[in-house]
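Below, each value reflects all heavy atoms present in this structure, side chains not excepted, and no hydrogens, waters or symmetry copies.
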Number of protein chains: 2
Amino acid sequence: MTPLPKDEAKRKRIIAAAIRVFAHDGLSNGKIATIAEKAGIGKGTVYEYFSSKEEIFAAVFKDFFNQMIAGYTQLIDAPMDPVKKIELVFDYSYDYLDQLLEDEHGQDWLIFLEIFLQGFRDEFKGIGKLSFSTVLREIYNIFKPFVDEGIQAGVFKPLDSEHVTFILFAALDGISLHYFINRDHYDNEKLKTITKEIFLNGLLKPQTEGA
Amino acid sequence: MTPLPKDEAKRKRIIAAAIRVFAHDGLSNGKIATIAEKAGIGKGTVYEYFSSKEEIFAAVFKDFFNQMIAGYTQLIDAPMDPVKKIELVFDYSYDYLDQLLEDEHGQDWLIFLEIFLQGFRDEFKGIGKLSFSTVLREIYNIFKPFVDEGIQAGVFKPLDSEHVTFILFAALDGISLHYFINRDHYDNEKLKTITKEIFLNGLLKPQTEGA
DNA sequence: ATATTATGACCGACCAGTCAGTCATAATTG
DNA sequence: CAATTATGACTGACTGGTCGGTCATAATAT
């Protein structure tokens with residue numbers, strides 16, 4: 001009834017389990033045995049799908065950024081006013097966080113940080129040739145075009161778009177991190193509003209005055 | 001029966017060594033033997049000063065935040081225009097990073113992330129009862145008074161100062177993180193300028209128009 | 001349809017390496 | 001010499017990865 005081909009679904013189950021384990025315990029403390037257990041398979045089987053712990057983590061890493069890139073790309077793919085796009089990106093980010101946090105897997109979002117940390121550690125640079133800074137710049141580059149667009153159109157101040165994009169995404173990322181830990185003390189909607197208030201108005205060219 | 005520190009200087013040396021080791025290898029992979037070696041003492045001696053690895057890390061954690069809090073507090077202690085204070089804080093942050101990065105201890109700044117990560121994990125499971133979110137809010141509270149001041153004085157927009165402070169510090173933190181990894185691709189001065197341009201103008205009440 | 005054989009996914013006991021923490025001893029100090 | 005401090009060899013617990021064996025299913029034969 002159930003055929004047993006080497007199963008893509010099982011591979012996915014392992015990755016999903018690994019996310020939870022690495023998020024909760026870290027790459028170093030997360031145990032293969034726990035991953036296997038959570039995936040509902042034997043420990044040996046894990047090694048039928050991945051050749052090492054680090055390879056599992058690399059898969060998690062890839063998965064994470066691919067989803068992130070796909071999410072943002074899709075979000076701002078349609079032609080749209082640059083201002084609207086920025087608002088969308090901010091709103092989406094907060095909502096994405098809330099979704100992560102409300103999820104039954106309480107601490108899964110920590111994988112975010114673990115990946116960040118491992119990404120920074122240069123030992124990790126080798127694995128699957130994933131360069132963290134390259135991946136990050138890939139993400140900045142999703143945003144840069146519409147920052148450019150806004151500047152071209154004279155809606156945004158004529159600042160260096162490369163640096164502006166960097167600041168926008170980095171700031172958003174920091175806000176996400178802090179929101180994770182302090183979410184109980186702040187109001188999602190208020191944060192959304194104020195974030196947009198500050199960033200948009202900081203970015204928009206004053207319309208009434210020709211400074 | 002942890003003996004009292006016999007030699008405060010040696011204790012400091014252990015902490016300094018621990019910072020480098022934990023920064024480079026992480027809490028879990030960093031070895032006591034390495035810390036001892038870097039501190040120029042025997043492994044057993046470490047246990048004369050700290051009763052466990054986690055206790056060492058807790059000391060690093062405390063040390064880090066105390067320095068951070070002291071730095072910012074001192075920076076903005078003098079009476080000063082709120083706008084000037086914000087500019088100071090931004091400039092100081094970038095300069096502090098550059099100082100960390102130019103330091104001979106190449107990767108020491110990673111302790112920043114390691115602390116962050118461990119801080120997030122289960123609110124740092126009891127160790128020394130350090131609550132990470134509490135520490136963070138202690139830091140926000142350094143900034144909040146002058147945000148309040150700026151709002152009272154009608155210089156800043158009348159936004160909720162609690163949320164504004166959160167966003168400011170969180171954003172700054174994120175920018176720091178990204179600056180760490182991508183510093184080679186961006187210009188410190190340009191980032192400083194643009195950061196202030198965006199944040200200050202987003203925060204300042206438009207003076208010419210009475211919307 | 002049923003028996004026989006081939007396949008490879010699955011498993012977990014085991015091994016070899018690692019490391020936090022201990023403790024018997026050595027060095028140092030007063 | 002006694003007390004204090006330093007030390008590193010040692011140990012026990014732990015875990016990543018391996019490997020020989022099992023068994024459900026597929027393929028083939030009758």
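Between the side chains of B/Asp187 and A/His163, no donor N or O sits under 3.5 Å from an acceptor N or O.
Note on B/Gly30: only backbone sugar-phosphate atoms sit closer than 4.0 angstrom, heavy atoms only; bases stay farther off. Note on A/Ser51: nothing from the nucleic acid sits closer than 4.0 angstrom, heavy atoms only.
No close placement of the A/Phe90 and A/Tyr94 rings is indicated, their centers lying 6.0 Å or farther apart. The aromatic ring centres of A/Tyr72 and A/Tyr92 sit less than 6.0 Å apart. Taking the ring centroids of B/Tyr179 and B/His185, they lie at or beyond the 6.0 Å cut-off.
For C/dC11, neither phosphate oxygen OP1 nor OP2 lies less than 4.0 angstrom from any side-chain nitrogen or oxygen of A/Tyr47.
Atom C1' of nucleotide D/dG17 and atom CD of A/Glu55 are separated by 13 Å, given to the nearest angstrom. Straight-line distance from the CD1 atom of A/Ile32 to the P atom of D/dT15: 12 Å, rounded to whole Å. The distance from atom CG of A/Asn29 to atom C1' of D/dC14 is 11 Å, rounded to the nearest whole Å.
Put simply, the side chain of A/Lys43 and the base of D/dG17 share a donor and an acceptor less than 3.5 Å apart. A donor N or O paired with an acceptor N or O is not found under 3.5 Å between the base of D/dG16 and the side-chain atoms of A/Lys31.
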